[in-house]
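Structure, as structure tokens:
Worth knowing before you read on, the calculation uses all heavy atoms, side chains too, and leaves out hydrogens, waters and symmetry mates. Indexing begins at 1, ligand by ligand and atom by atom, following the structure's order. Predicted model only: the values in this text are computed from it and were never measured.
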Amino acid sequence: MDKIQMTTPLVEMDGDEMTRILWKMIKEELLLPYIDLNTEYYDLGLEHRNETDDQVTVDAAEATKKYGVAVKCATITPNHARMKEYDLKKMYKSPNGTIRAILDGTVFRTPIVVKGIEPCVRNWKKPITIARHAYGDIYKNTELHVDKPGKAELVYTTEDGEETRSLIHEFKTPGVVMGMHNMEASVESFARSCFNFALDTKQDLWFGAKDTISKTYDAKFKEIFQRIYEEEFEEKFDKAGLTYFYSLIDDIVARVMKAEGGFIWACKNYDGDVMSDMVSSAFGSLAMMTSVLVSPDGYYEYEAAHGTVQRHYYRHLEGKETSTNSVATIFAWTGALRKRGELDGNEELRAFADKLEKAVVSTIEDGKMTKDLAVITSLKHPKVLSSLEFIKAVRETLDDLLD
Ligand code: NAP
Ligand code: MG
């Protein structure tokens, strides 16, 4: 078989620990034998980030702007322990944070649904994608503890000194106060990313906030979504047979629990943090969750939702066999290859991405899986495979599909 050709490079961001090991296996077993892989390689492994003073992360993000599509391996976010372990020059920021700051965008997380790994919620038949706004609110807050009687006020001072005040509370007894903010431009780009992603994946969009209680703050989110929908997207949604609707967050939660799935749920920052953990664990496993950063300018960066699986890596270093789930990392690759194929009009590449995903799903549905899935599957007598055995099993299924 002739290898599939690629016309435009894909930005490849390598990473750390166990996922770096999986990365290499995936390339060798599932990609290089079939594709004349055209990537621009950036090593975001912590050692190389340290050598380059983290410039490599910035370069990788800039390359994503140039080529439009990137695939990223999980990476270590340094903390004190990592500073010592890797003898770092400084405590570098999270690569995902750096990339997000450069590309600006929204992270969409979608579970990979297979038969035999049933969601806890019986009626969920299709994936539910969480779109989380990644700027502001409680994540950029200012807080105070007050322990003497007094009054807390919200004060806004314009550049030319004009003040607006409003009373928060008159304290007679100790208490707590918090201030937070968001920016219209950020909410607008969040809204555009959500509408574009809905059109892209042909799914309805739901958005929930609490505008009955927060009549200015949350109401502004609701208003911005509605305005952008009407001005820029309503016609396209109508044409595609899709709907957008807003409701109160509690009503949305109730509807989500009763729904079949197959839609995108846009969440404010805090709601997205909480709800994405609920949705992913209810669907079975973090190792079965994909994640894509979509920028308002139409750049895409695909990755797995989980981390570098440090515990498994240490076992691997001791020479012990691991059974680490590579599904989300494989799907990061297929997501990126499919998008590359779409953008380049490369039908072969798109078809390959579909087949590889199909091969992964049927391998698991056939009862061959890694340990994390074997302990939760409803299939009888699953066959527990090592990290490499699973990838090789997928390759066998893929070869059958490609025949
Ligand atoms: P983690 O890598 O997600 O792993 C936590 C635990 O979840 C693992 O010990 C394992 O449980 C299970 N698990 C996660 N992914 C799995 C997989 N693919 N297959 C099988 N089991 C899996 O989180 P962490 O250990 O808290 O973080 C490790 C490093 O990852 C940290 O340095 C953190 O900074 C980084 N991180 C990076 C990203 C990213 O790049 N996007 C995201 C999150 C964390 P058992 O050990 O019980 O088997
Ligand atoms: Mg969280």
Side-chain angles (χ1 to χ4, degrees), residues 12-26 42-50 54 56-57 60-61 70-86 88 91-100 103 105 107-112 114 117 132 134 273 276-277 280-281 283-293 301-318 320-333 335-336 360 364 369-377 382 384-391 394:
E12 174 184 355
M13 306 183 196
D14 207 343
D16 288 300
E17 300 195 312
M18 199 58 213
T19 41
R20 189 180 180 97
I21 308 289
L22 298 177
W23 196 260
K24 191 159 176 277
M25 292 178 186
I26 292 167
Y42 292 86
D43 184 1
L44 266 56
L46 189 49
E47 273 135 7
H48 193 239
R49 271 184 275 153
N50 193 42
D54 210 19
V56 64
T57 309
V71 57
K72 180 180 169 292
C73 179
T75 46
I76 292 169
T77 298
N79 55 16
H80 287 289
R82 301 297 200 166
M83 292 277 290
K84 270 206 205 128
E85 187 183 352
Y86 286 82
L88 300 180
M91 205 185 306
Y92 302 103
K93 282 194 219 142
S94 140
N96 286 352
T98 303
I99 295 167
R100 215 176 292 154
L103 298 182
V107 174
F108 296 87
R109 297 207 150 167
T110 310
I112 300 154
V114 299
I117 313 292
R132 174 182 170 188
D273 186 353
S276 67
D277 281 18
S280 67
S281 53
F283 267 104
S285 162
L286 202 58
M288 298 290 282
M289 190 87 167
T290 62
S291 184
V292 55
L293 173 71
E301 184 236 340
Y302 293 82
E303 62 170 341
H306 59 77
T308 60
V309 213
Q310 184 180 15
R311 259 168 37 104
H312 295 211
Y313 181 59
Y314 289 160
R315 286 180 55 83
H316 171 83
L317 289 181
E318 288 169 21
K320 291 182 184 148
E321 194 152 82
T322 57
S323 181
T324 314
N325 190 332
S326 51
V327 171
T329 308
I330 299 174
F331 271 63
W333 274 100
V360 170
I364 299 170
M369 58 192 79
T370 44
K371 197 172 147 201
D372 58 309
L373 296 184
V375 298
I376 56 169
T377 185
V384 183
L385 302 179
S386 72
S387 308
L388 184 60
E389 283 168 349
F390 176 74
I391 288 172
V394 171

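Here the side chains of D372 and M288 are not in contact, with every heavy-atom distance at 4.5 Å or above. P95 places a side-chain heavy atom less than 4.5 Å from the side chain of K72. Looking only at side-chain heavy atoms (C-beta outward), I364 and I112 stay at 4.5 Å or farther from each other. Contact of the H316 side chain with the T324 side chain is not registered, since no non-hydrogen atoms from C-beta on lie closer than 4.5 Å.
Distances from atom 41 (N) of ligand 1 to the protein include at least one heavy-atom value under 4.0 Å. Within the 4.0 angstrom cut-off, atom 44 (C) of ligand 1 has one or more protein heavy-atom neighbours. For atom 26 (O) of ligand 1, the nearest protein heavy atom lies 4.0 Å away or farther. In this structure, atom 12 (C) of ligand 1 has its sub-4.0 angstrom surroundings free of protein heavy atoms. Distance check for atom 6 (C) of ligand 1: every protein heavy atom is found at 4.0 Å or beyond.
The closest protein non-hydrogen atom to atom 38 (C) of ligand 1 is G307 CA, 3.7 Å. The protein heavy-atom contact nearest to atom 17 (C) of ligand 1 is A287 CB, 3.6 Å. For atom 18 (N) of ligand 1, the nearest non-hydrogen atom of the protein is N325 O, 2.8 Å. Of all protein heavy atoms, the one lying nearest to atom 29 (C) of ligand 1 is T308 OG1, 3.0 Å. For atom 34 (O) of ligand 1, the closest non-hydrogen atom on the protein side is T77 N, 3.0 Å. Residue, atom and distance of the protein heavy atom nearest to atom 37 (C) of ligand 1 are T75 O, 3.0 Å. In terms of protein heavy-atom proximity, atom 8 (C) of ligand 1 is closest to V309 CG1, 3.9 Å. Regarding atom 47 (O) of ligand 1, its nearest protein heavy-atom neighbour is R311 NH2, 3.4 Å.
At least one donor-acceptor pair under 3.5 Å links the side chain of S386 to the backbone N or O of E389. Formation of a donor-acceptor pair under 3.5 Å by the T322 side chain with backbone atoms of H312 is not found in this model. At least one donor-acceptor pair closer than 3.5 Å links the side chain of S323 to the backbone N or O of L385.
In the vicinity of N96, heavy-atom distances shorter than 4.0 Å reach the ligand 1 atoms 39 (C), 40 (O), 41 (N). Counting atoms of ligand 1 from 1 in the listed order, those under 4.0 Å from a heavy atom of K72 are 40 (O). Within the listing of ligand 1, atoms 40 (O) sit less than 4.0 angstrom from a heavy atom of A74. Under a 4.0 Å criterion applied to the non-hydrogen atoms of R82, ligand 1 contributes the atoms 29 (C), 31 (C), 32 (O).
Considering backbone and side-chain atoms alike, I76 places every N or O at 3.5 Å or more from each N or O of ligand 1. The N/O atoms of D372, backbone and side chain alike, include none that comes under 3.5 Å of an N/O atom in ligand 1. In terms of N/O distances under 3.5 Å, ligand 1 is not approached by S326. Of the polar atoms of H312, at least one N or O is found under 3.5 Å from an N or O of ligand 1, judged by distance alone. Checked against a 3.5 angstrom limit, the closest N/O atoms of T324 and ligand 1 fall outside it.
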Atom pairs and distances, side-chain donor-acceptor, residues 302-309, under 3.5 Å, sequence neighbours left out:
unit_1, atom_1, unit_2, atom_2, d
E303, OE2, N96, ND2, 3.3
T308, OG1, E17, OE1, 2.7

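R82 and D16 are not joined by a salt bridge, as no carboxylate oxygen comes within less than 4.0 angstrom of a charged side-chain nitrogen.
No hydrogens or angles considered: nothing links the side chains of Y314 and E318 as a donor-acceptor pair under 3.5 Å.
Results of the side-chain contact (heavy atoms from CB on, under 4.5 Å) test with Y92 over T77, D54, I76 single out D54 as the only residue that passes.
At a 4.0 Å heavy-atom cut-off, ligand 1 touches E303 through the side chain alone.
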>> Go through it in stages, so that I can follow the logic: the residues are I117 and T377, the test is side-chain contact (heavy atoms from CB on, under 4.5 Å), and I'd like the CA-CA distance, side-chain angles, deciding distance and then a yes or no.
In response: CA-CA 5 Å; I117 313 292; T377 185; 3.9 Å; yes
> Taking it one step at a time, do V107 and R100 satisfy side-chain contact (heavy atoms from CB on, under 4.5 Å)?
Replying inline: CA-CA 9 Å; V107 174; R100 215 176 292 154; 3.8 Å; yes
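Rounding to the nearest 0.5 Å gives a distance of 11.0 Å between NZ of K371 and OG of S387.
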